[in-house]
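First the structure, in the form of structure tokens, and then the observations on it.
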There are 2 protein chains.
Amino acid sequence: MSTYERTCLIRGDGGRTIRRILERIGNKWTLLVVATLHDERMRFTDLQQRIPGVSQRMLSLTLRQLERDGLVSRTAYAEVPPRVEYELTDVGRTLIDPAVRLAEWAVEHDADIERSQQRYDARQQPDR
Amino acid sequence: MSTYERTCLIRGDGGRTIRRILERIGNKWTLLVVATLHDERMRFTDLQQRIPGVSQRMLSLTLRQLERDGLVSRTAYAEVPPRVEYELTDVGRTLIDPAVRLAEWAVEHDADIERSQQRYDARQQPDR
DNA sequence: CCGTATCCTAGAGGATACTG
DNA sequence: CAGTATCCTCTAGGATACGG
């Protein structure tokens with residue numbers, strides 16, 4: 001597959017594909033939830049503890065969306081107190097690899113980018 | 001590198017890395033601009049024509065951010081009328097591969113996800 | 001031709017309180 | 001324990017108009 005063909009995956013349909021995926025995973029908590037669930041089933045509270053800063057509301061919304069998309073499965077046990085466990089589905093697991101690639105890119109180029117920003121800002125705003 | 005270690009790239013620092021990259025490329029037009037520039041230098045107007053739906057304002061903002069991050073270089077020629085050309089930098093080019101992986105994932109699983117959503121919605125909202 | 005300035009709106013996401 | 005409900009704020013992004 002040529003570079004050109006591969007790039008067409010991004011802009012082929014006027015960007016609809018890439019935009020859909022970014023709407024899905026581009027929000028604040030989705031990839032964090034997926035990564036945290038990567039190797040074990042987990043309860044709501046466990047997730048909240050392992051994902052620093054997430055509120056009940058946002059965790060709930062994120063899980064609901066992931067469940068709707070079929071990336072996460074939810075199992076409720078009829079117990080008292082209630083117990084609910086979440087885990088990645090097979091499809092959900094396939095998301096980890098591309099997500100990690102992106103994270104690798106980020107780690108690898110973070111310093112470059114920060115330096116570039118500083119140079120840019122220094123040039124643009126020599127005042128103050 | 002184990003799956004566990006790779007996943008740590010995502011949540012290792014409390015998600016800061018993945019969030020930074022998503023703030024960078026998770027917006028509406030960035031990846032589209034990068035993909036469009038993948039193989040040739042291009043003028044502002046060319047970009048606008050090849051990216052359906054982008055406004056002057058958003059294209060301008062997106063290019064400015066990409067320039068600041070060092071992913072795109074901007075060359076202005078002192079002519080009348082003015083001519084400005086944009087192209088990917090070396091760092092910018094390295095973003096294409098992980099972005100394409102993500103797009104591949106999207107294409108591959110889009111149908112699955114849509115079916116899952118329909119089943120979910122049918123279960124949740126049998127009313128109306 | 002290549003932008004910036006201004007104004008506006010929808011929705012993402014936080015804080016807090018309440019419930020089966 | 002595992003969530004909803006409510007309220008609020010802030011900003012991404014669209015529309016439009018203007019300027020070098």
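From a predicted model like this one, the values you see are computed outputs, not experimental measurements. Below, read A as the first sequence line, B as the second, and so on, with proteins coming before strands; counting in each chain starts at 1.
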Tell me every residue that passes ring pair (Phe, Tyr, Trp, His ring centres under 6.0 Å) with B:His109, counting only those two or more places apart in sequence or in another chain. B:Trp105
Residues in contact with DNA chain C, drawn from residues 64-80 of chain B - heavy-atom cutoff 4.0 Å: B:Arg64, B:Arg74
Charged N-O contact under 4.0 Å between B:Arg101 and B:Glu104: no
Quick one: stems for DNA chain D, with Watson-Crick or G-U pairs under 3.5 Å, at least three in a row? C:3-20 with D:1-18
Rounded to whole Å, please give me the gap between CZ in B:Arg83 and C1' in C:dC1. 12 Å
Hey, is the side chain of A:Ser60 poking within less than 4.0 Å of OP1 or OP2 on D:dG3, counting only N and O atoms? no
Between atom CE in B:Met42 and atom C1' in C:dC2, what is the gap in whole Å? 16 Å
Any salt bridge between B:Glu67 and B:Arg64, counting N to O under 4.0 Å? yes
Min side-chain heavy-atom separation B:Asp110-A:Arg24 under 4.5 Å: yes
Check whether any side-chain nitrogen or oxygen of B:Arg43 sits under 4.0 Å from OP1 or OP2 of C:dC1, and answer yes or no. no
Yes or no on side-chain contact (heavy atoms from CB on, under 4.5 Å) for A:Thr36 and A:Val33, after CA distance, side-chain angles and deciding distance? CA-CA 5 Å; A:Thr36 305; A:Val33 171; 5.8 Å; no
Side chain to side chain donor-acceptor pair (under 3.5 Å) against A:Arg11, all qualifying residues, sequence neighbours excluded: none
Which residue is it: B:Ile51, B:Thr30, B:Val72, B:Val34? I am looking for the one with a side chain to side chain contact (heavy atoms under 4.5 Å, CB included) to B:Thr62. B:Thr30
Begin from the C-alpha positions of A:Val54 and A:Leu32 and carry the test side-chain contact (heavy atoms from CB on, under 4.5 Å) through to its verdict. CA-CA 10 Å; A:Val54 71; A:Leu32 240 37; over 6 Å; no
Check step by step if side-chain contact (heavy atoms from CB on, under 4.5 Å) holds for B:Glu108 and A:Thr94. CA-CA 10 Å; B:Glu108 195 167 343; A:Thr94 64; over 6 Å; no
Where the side chain of A:Thr17 meets the backbone of B:Val107, is there a donor-acceptor pair that is under 3.5 Å apart? no
Please check if the side chain of A:Ser116 supplies one atom and the backbone of A:Asp112 the other of a donor-acceptor pair under 3.5 Å. no
Going 5' to 3' along nucleotides 14-20 of chain D, which nucleotides have protein heavy atoms under 4.0 Å from the base (write B), which only from the sugar-phosphate (write S), and which from neither (write -)? BB----B
So if I take residues 14-27 of chain A and measure heavy-atom distances to DNA chain C, which residues fall below 4.0 Å? A:Asn27
